[in-house]
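Worksheet: the structure to be examined is printed underneath.
Nothing here was measured: the structure is a model prediction, and the numbers come from that model.
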Amino acid sequence: MTARLFRTPRGERTAVGFTSERGLVAALGPWQRCVRLSEPALRALVAPLGVHTLTIDPPLVAGAGPDQYAGRPARGTLLAA
């Protein structure tokens with residue numbers, strides 16, 4: 001598996017997780033492959049890359065809206081792109 005990283009509106013690298021497949025498809029499209037991970041597992045996966053921000057359920061990945069989701073704690077498992 002390869003982690004797909006994104007940038008926040010402020011330019012920081014972030015891992016993105018979704019709490020539902022519906023949210024992932026809405027943000028990234030139906031062709032996006034994903035894997036189910038816990039929040040600690042996703043953080044551990046990207047930490048060696050120097051990524052310490054986790055964005056949960058962003059409404060639009062490509063949008064330039066406020067970075068209101070970064071750092072919000074997740075519950076249960078996430079779908080990581």
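- With Asp57 contributing its side chain and Gly23 its backbone, the two residues share no donor-acceptor pair below 3.5 Å.
- With contacts defined as side-chain heavy-atom distances shorter than 4.5 Å, the pair Arg13/Val46 does not qualify.
- The minimum heavy-atom distance linking Val51 with Ala15 is given by the pair CG1-N, 3.7 Å.
- Interatomic distance, CD of Glu21 versus CD of Gln32, reported as 11.0 Å (0.5 Å rounding).
- In this structure, Arg43 CZ and Thr53 OG1 are separated by 8.0 Å, a value rounded to the nearest 0.5 Å.
- Contact record, Leu45 with Leu37: CD2-CD1, 4.4 Å, taken as the closest heavy-atom pair.
- Summarising the geometry of Thr55 relative to Thr14, their closest heavy-atom pair is OG1-OG1, 2.8 Å, with the distance given to 0.1 Å.
- Across all their heavy atoms, Gly17 and Pro58 have their closest contact at O-CD, 4.1 Å.
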